[in-house]
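Worksheet: the structure to be examined is printed underneath.
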Amino acid sequence: MIVSIDDKYLLRQKDSERFLPLDRATFFSEITRILSSFGIPELGVYALNAPDSEDRISLYEDGIFWVVSYCERGRRVSPAFFDDPYDAGNYFVWKLISEETRSAQFPRVISSPSTPR
C-alpha cells in the first residue's frame, strides 16, 4: 500500500528526539509477556513483525508507519496506521485483549521510554 502524505499532516520523524531508539526485540517481548498474562497465546492468534500471517492479527512496521491489521486470504484487512510504535503496540494489545476477554476498558500498558507510566 502506498500512503501519500502531504504537508497538511505533521508526523513525527523516526529520528525525533521524542523517542529513544526502539529495541524491537524488547518491544515485541514485552507485548508477548503482556498478552500471555491475559492468557492469550501467540500461536495461531497474533503475529509480531509478520504482516502476512494468515488468519491472525499482526503488528508490524511498514515504511514510516506502524500497522495493526488482520490477514485474511492474503489480504491485509482493516489496517490501523500509527506513527508512534507505542500507540500501535497499545492498540494491538487492547484489540486482542478486548476480543479475547470481551472487555473494552484497559489502562495504557506499554509506555514509551519518555512517557511516565
**Message:** If you define the side chain from C-beta out and look only at heavy atoms, does anything of Phe92 sit under 4.5 Å from Leu35?
**Reply:** yes

**Message:** Quick one about Tyr46 and Ser53 (side-chain donor to acceptor, distance below 3.5 Å, no hydrogens or angles considered), yes or no?
**Reply:** no

**Prompt:** Does some side-chain heavy atom of Leu59 sit less than 4.5 Å from a side-chain heavy atom of Val67?
**Reply:** no

**Request:** Mind listing the closest non-hydrogen atom pair of Glu54 and Gly74 along with its distance?
**Result:** OE1-N, 3.2 Å

**Message:** Please report the interatomic distance CD1(Ile97) to OG(Ser37), rounded to the nearest 0.5 Å.
**Reply:** 6.5 Å

**Request:** For Tyr70, enumerate each residue passing the side-chain hydrogen bond (donor to acceptor under 3.5 Å, both in side chains) test, keeping only those at least two apart in sequence or located in another chain.
**Result:** none

**Request:** With the side chain counted from C-beta on, respond yes when Val68 and Ile57 share a heavy-atom pair under 4.5 Å apart, and no when they do not.
**Result:** yes

**Request:** Answer yes or no: is there a donor N or O on one side and an acceptor on the other, between the side chain of Glu61 and the main chain of Asn49, under 3.5 Å?
**Result:** no

**Partners meeting salt bridge (charged side-chain N to carboxylate O under 4.0 Å, His left out) with Asp55 (sequence neighbours left out)** = none

**Full working for side-chain contact (heavy atoms from CB on, under 4.5 Å) between Trp66 and Asp83** = CA-CA 6 Å; Trp66 283 83; Asp83 67 334; over 6 Å; no

**Counterpart residues, ring pair (Phe, Tyr, Trp, His ring centres under 6.0 Å), relative to Phe82 (two or more places apart)** = Tyr91

**Message:** Is the shortest side-chain heavy-atom distance between Phe38 and Leu96 below 4.5 Å?
**Reply:** no

**Complete:** Closest heavy-atom pair, Gly89 versus Phe27, reported as atoms and distance to 0.1 Å, is CA-CZ, 4.1 Å

**Fill in**
Sequence neighbours excluded, the answer for side-chain hydrogen bond (donor to acceptor under 3.5 Å, both in side chains) partners of Ser58 is none

**Asked** Counting only N and O atoms by type, is there a donor-acceptor contact under 3.5 Å from the side chain of Asp62 to the main-chain atoms of Phe65?
**Response** no

**Asked** Do Glu72 and Arg75 meet the salt-bridge criterion of a basic N to acidic O distance under 4.0 Å?
**Response** no

**Request:** For Thr26, enumerate each residue passing the side-chain hydrogen bond (donor to acceptor under 3.5 Å, both in side chains) test, keeping only those at least two apart in sequence or located in another chain.
**Result:** Asp23

**salt bridge (Lys or Arg N to Asp or Glu O under 4.0 Å) contacts in which one or both residues fall within residues 41-52, not counting sequence neighbours** = Asp52-Arg76

